[in-house]
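Step one of this worksheet: look at the structure below.
Just so we're on the same page: letters track the sequence lines, and every chain starts at 1.
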Number of protein chains: 2
Amino acid sequence: MTVAVSEQTRERLLSAAREVFSECGFQGATVREICRRAGANVAAVNYHFGSKDALLAEALHFESLKLLQETNAQADACPEVRLGLFVRDFMHMLLDENSTSSQCKIMARELADPTPALDQIVREAIAPLHDYLAGLVREIVGDGVSDIELHRCVHSITGQCLYYHHSHPVLQRLHPELRYDGTEIDAIAKHIADFSLQGLKHLGKQA
Amino acid sequence: MTVAVSEQTRERLLSAAREVFSECGFQGATVREICRRAGANVAAVNYHFGSKDALLAEALHFESLKLLQETNAQADACPEVRLGLFVRDFMHMLLDENSTSSQCKIMARELADPTPALDQIVREAIAPLHDYLAGLVREIVGDGVSDIELHRCVHSITGQCLYYHHSHPVLQRLHPELRYDGTEIDAIAKHIADFSLQGLKHLGKQA
DNA sequence: AAGCGTATCAAACGCTCGTTTGAATTTCAA
DNA sequence: TTGAAATTCAAACGAGCGTTTGATACGCTT
C-alpha cells in the first residue's frame, strides 16, 4: 500500500494547510508550521505540491460553498426565507470554530490581500456566490431595480456577514464578552437577514 | 537649523510610513520601502523611532477621525440626515485616493490582522467612532431597542462601509468597470445610508 | 534476497526582513 | 575656527522564510 501511505501524507498536508491558511492568511502561514501540524518534513510540501502557492490552490476546493447554494436553492420556501437560511448557513461557515469548511475562512482572509490564487477564488467561489445572491435578491425586489443597485444590495448583505469574521480581533476588544457560539451566530444571522430585508423591501424610498 | 533638518527627515518618514502602511498593511510594508520613499537611509527608522512597531504607533494619530465626528455632531440636522453625512464622509476617507487621511485606511487594514498597535487603534479611534455611531443610531431607533441589538445595527452599517475598502481587489475582479471616483463614492454612500435607515426604521418587524 | 522507484529526512541554500554597527558627515554653540 | 553632539550612511548581522539537495529508509515486484 505504498500509494496509500503517500496519500495519507498528502491529505494530512492539505488538512493542515486549510487550518493554518484560515488562521493566519497566506502571508502569515508558514510552510514549516503546516508541516509541523501534519507531522511531516519541511520538504514535504514542495515534494507533494511543488510550492506553497500550489498548495494553496489545491487546498481551495469550494464544495461546501457549492453545497450551500444547492441546498438553499432546493429549499421549498419564499425568497425572503431562503435569504434568511442562506445568511444563517453562511455565517456558521464563517464563524463556527467547529465548522469543517475552512475554505470559506481562507476565502474571507484573502479578500483584501491579493495572492496568486485570488483570481481562482473569485472565479470559482465568489462570483458564483455573488450571482446566486443576486438572483435571490432579484426575486425579492422585482424588476424595478437597476443592476447596479442590485449589486450594491448584495454587497450590503455580504459586507455585513464578512464584517463579523474579518473584524473579529476588533470586536473582541470592543465587546470582550462576545462569543461565537451556535445561538449567538444564529442571532447575528437573524439580525442581518431582518435588517437587510427591510432595506430591500423599501428600496428607493427616501428615508 | 539642525533641528529643522532632523525634523524634516522625521516628517518625511512619517508621511511615507502612512502611505506604505495604508497600501500594504503592517506586515506587507517594509522599512526599506518606507525609507526609499522618504529619501532616507535604511537605518533612519530605527534612529528616529526605535523600531518599525514604534513608527506605526507614531504614524497613527486620528485627528481626521475625530474631526469627522465633531463636524458631524455640529451639523444642524436630524439624526437620519447626519447618519447620511457621516457615511458619506467616512466612505470618502476610506476610498478616495486623493484623501489625505491615510490613518483611516491603515486602521481598516489592521482590523483583521492584529499588530501590537491594535489595542491603541481600538482605544483611540474605533471605540470612539463606534460609540458616536451608536449614539446616532439610538437617536433614530429610540429606547425600545436593546443595547445588543443597537450594537448589531452599528456593525451592519460599518460592515457595509468597510466592505468596499477591504474587498476592493475582489470587487475589481467582479466588476472590472468599477472606479472609485467622487460621484461613485457618493452614490455608494447614499445606498448604504438609505439601505441602513430602512433597516433601522423597521427594526423588530418580521420581514 | 535483490533491485528499483517512491517517500522521507536533516541540512543547507539563497533571499528578504528588521535591526545594529561604526565610521563619515553635518550642525551649531563656544 | 574648533570641538562635541546630532545625523546620515554603507555595510553587515542574525533570524525567518520558501525552496533545494543528496542521502537514507521504505514498499513492492521479480
_Stacked cation flag A:K52 on A:F26, 6.0 angstrom / 45 deg_ =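 Yes, A:K52 and A:F26 form such a contact.
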
*Mutual orientation of the aromatic rings belonging to A:H155 and B:Y163 [parallel < 30°, tilted 30-60°, perpendicular > 60°]*: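 Ring orientation, 0 to 90° scale: tilted.
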
Would you call [X]-[Y] a salt bridge at under 4.0 Å N-O?
X	Y	answer
A:R123	A:D119	no
B:K66	B:E63	no
B:R173	A:E124	no

Take atom [atom1] of [X] and atom [atom2] of [N], then tell me their distance rounded to the nearest Å.
X	N	atom1	atom2	answer
A:F49	D:dG18	CZ	P	15 Å
A:L13	C:dC9	CG	C1'	14 Å
B:Q8	C:dT27	CD	P	11 Å
A:L55	D:dC17	CG	C1'	15 Å

*Quick one, which residues of residues 15-28 of chain B touch DNA chain C with a heavy atom under 4.0 Å?*
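The answer is none.
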
*Among residues 29-41 of chain B, which residues get a heavy atom nearer than 4.0 Å to DNA chain C?*
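Close to the strand are B:A29, B:T30, B:V31, B:R32.
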
_Identified salt bridge (charged side-chain N to carboxylate O under 4.0 Å, His left out) counterpart of A:E23 within the set A:K105, A:R37, A:R18_ =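 Testing each of A:K105, A:R37, A:R18 against A:E23, the sole residue satisfying salt bridge (charged side-chain N to carboxylate O under 4.0 Å, His left out) is A:R37.
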
Among [options], the nucleotide that comes nearest once only the side chain of [X] is considered:
X	options	value
B:Y47	C:dT19, D:dT21, D:dA6	D:dA6
A:K52	D:dG18, C:dC9, C:dT19	D:dG18
B:N46	D:dT19, D:dC9, C:dT19	C:dT19

*CG of A:L67: more than 12 outside heavy atoms within 6.0 angstrom?*
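Counting other residues, nucleotides and ligands, CG of A:L67 exceeds 12 neighbours.
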
*Indicate whether OP1 or OP2 belonging to D:dG18 is found under 4.0 Å from a side-chain N or O atom of A:S51.*
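Result: no.
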
_Is the phosphate of D:dA6 approached by B:H48 (side-chain N or O, under 4.0 Å from OP1 or OP2)?_
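Looking at the OP1 and OP2 atoms of D:dA6, neither is under 4.0 Å from any side-chain N or O of B:H48.
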
_Between A:L68 and A:Y132, is there a side-chain heavy-atom distance shorter than 4.5 Å?_
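No - every pair of side-chain heavy atoms lies 4.5 Å or more apart.
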
*Please identify each residue that fulfils ring pair (Phe, Tyr, Trp, His ring centres under 6.0 Å) with B:H61, with sequence neighbours left out.*
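Residues passing ring pair (Phe, Tyr, Trp, His ring centres under 6.0 Å) with B:H61: none at all.
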
